[in-house]
Amino acid sequence: QVHLVESGGGVVEPGGSLRLSCVASGSTLPRATTGWFRRPPGKEREGVSCFSDSDDSTYYEDSVKGRFTVSRDKATNTLYLQMNNLKPEDTAVYYCATARPFRCTGSDSLTQHEYDFWGQGTQVTVSS
């Protein structure tokens, strides 16, 4: 069992930045593909980005491409999501999740049922 903990959420004005972190509580973040997902208010959870340990590949949904960057610090086993130029439509609860290691090549990489372990989420609110 892997327990994931997200942190770094908060309230920011449009155009601002936040960096989310995802760590494995009580264990090492396993070698895996790790995804970031979000649930906007009143909407279904959706994929945002993923990072693969198999080849360091990454994928971003069009809505965040060019603004968000996913990375992994292998020394500290922490996954990050750097979010720049935030927009009100980025307001959501953000989750990290892990899956068996596969390449992040497209939207199929963010198929939610492929991800086995999920964190509790961290709230991001973008508002002026």
Side-chain angles (χ1 to χ4, degrees):
Q1 189 78 10
V2 177
H3 296 282
L4 302 176
V5 179
E6 305 93 339
S7 62
V11 180
V12 64
E13 292 185 349
S17 298
L18 285 172
R19 187 176 77 161
L20 305 184
S21 301
C22 174
V23 297
S25 175
S27 65
T28 301
L29 197 64
R31 181 180 174 83
T33 292
T34 309
W36 285 100
F37 299 82
R38 66 186 182 186
R39 187 191 300 274
K43 296 183 179 180
E44 297 293 316
R45 189 168 58 191
E46 61 187 23
V48 175
S49 177
C50 66
F51 178 94
S52 174
D53 281 336
S54 66
D55 62 353
D56 289 356
S57 56
T58 59
Y59 172 75
Y60 302 90
E61 290 290 355
D62 287 345
S63 58
V64 304
K65 196 175 296 181
R67 300 186 298 120
F68 290 12
T69 303
V70 63
S71 62
R72 174 161 168 149
D73 184 332
K74 295 180 181 178
T76 62
N77 284 301
T78 304
L79 188 80
Y80 297 103
L81 183 68
Q82 177 67 44
M83 307 186 296
N84 298 328
N85 191 21
L86 282 161
K87 304 176 180 181
E89 52 263 42
D90 295 317
T91 295
V93 178
Y94 284 72
Y95 304 87
C96 64
T98 61
R100 60 175 174 81
F102 52 78
R103 297 185 63 215
C104 288
T105 57
S107 58
D108 287 351
S109 306
L110 292 171
T111 300
Q112 295 188 40
H113 68 253
E114 296 287 347
Y115 289 78
D116 303 307
F117 302 105
W118 293 77
Q120 293 299 307
T122 184
Q123 175 70 46
V124 170
T125 302
V126 185
S127 174
S128 55

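Starting from 1, each residue takes its place in the sequence as its number. Note that the structure is predicted; figures quoted are calculated from it, not measured.
- For the side-chain contact (heavy atoms from CB on, under 4.5 Å) test with Tyr94, the passing option among Arg39, Met83, Glu6 is Met83; the others fail.
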Next on the checklist: Apply ring-ring contact (aromatic ring centres under 6.0 Å, His included) to residues Trp36 and Phe68 and explain how you reach the verdict.
Outcome noted: CA-CA 11 Å; Trp36 285 100; Phe68 290 12; 9.7 Å; no

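- The two atoms that bring Ser21 and Thr78 nearest to each other are CB-CG2, 4.1 Å, heavy atoms only.
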Item to check | Test side-chain contact (heavy atoms from CB on, under 4.5 Å) applied to Arg38 and Leu20, step by step | outcome: CA-CA 12 Å; Arg38 66 186 182 186; Leu20 305 184; over 6 Å; no

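- Taking both residues in full, the closest heavy atoms of Leu18 and Val124 are given as CD1-CG1, 3.9 Å, listed atom of the first, atom of the second, then distance.
- Under the 4.5 Å side-chain criterion, counting only non-hydrogen atoms from C-beta, Gln123 is not in contact with Val11.
- Thr111 approaches Asp108 most closely through the heavy-atom pair OG1-O, 2.8 Å.
- The same ILVMFWY cluster, assembled from side-chain heavy atoms under 4.5 Å apart, contains both Leu81 and Val12.
- Val126 and Val64 end up in the same hydrophobic cluster when Ile, Leu, Val, Met, Phe, Trp and Tyr side chains are linked at under 4.5 Å.
- Atom CD of Glu44 sits in a sparse spot, with 12 or fewer heavy atoms from other residues, nucleotides or ligands closer than 6.0 Å.
- Atoms CZ and OG1, from Arg103 and Thr33 in turn, are 10.5 Å apart once rounded to the nearest 0.5 Å.
- Residue Asn85 comes nearest to Asp90 through the heavy atom pair O-OD2, 4.4 Å, listed as atom of the first residue, atom of the second, then distance.
- The CG atom of Asn84 lies 7.5 Å from the CG atom of Leu86; values are rounded to the nearest 0.5 Å.
- Pairing each heavy atom of Cys104 with each of Ser57, the nearest pair is N-OG, 2.9 Å.
- A donor-acceptor contact under 3.5 angstrom links the side chains of Ser54 and Ser52, judged on distance only.
- Around the NZ atom of Lys65, the shell of radius 6.0 Å holds more than 12 heavy atoms that belong to other residues, nucleotides or ligands.
- Pairing each heavy atom of Pro41 with each of Ala92, the nearest pair is CD-CA, 4.5 Å.
- Within a 6.0 Å radius of CD in Gln120, no more than 12 heavy atoms belonging to other residues, nucleotides or ligands are found.
- Contact of the Pro40 side chain with the Glu89 side chain is not registered, since no non-hydrogen atoms from C-beta on lie closer than 4.5 Å.
- In this structure, Thr69 OG1 and Arg19 CZ are separated by 11.5 Å, a value rounded to the nearest 0.5 Å.
- A donor-acceptor contact shorter than 3.5 Å is absent between the side chain of Thr58 and the backbone of Phe51.
- The aromatic rings of Tyr115 and Phe37 lie perpendicular to each other, with more than 60° between the two planes, well past the 30° mark.
- To the nearest 0.5 Å, atom CG of residue Leu79 and atom CG of residue Asp53 are 8.5 Å apart.
- Annotation: the span from Ser109 atom OG to Phe102 atom CZ amounts to 5.5 Å, rounded to 0.5 Å.
- By the rule that hydrophobic residues join a cluster once side-chain heavy atoms approach within less than 4.5 Å of another member, Val48 and Leu110 end up as members of separate clusters.
- Between Glu61 and the options Cys50, Ser49, Ser107, a side-chain contact (heavy atoms from CB on, under 4.5 Å) holds for only Ser107.
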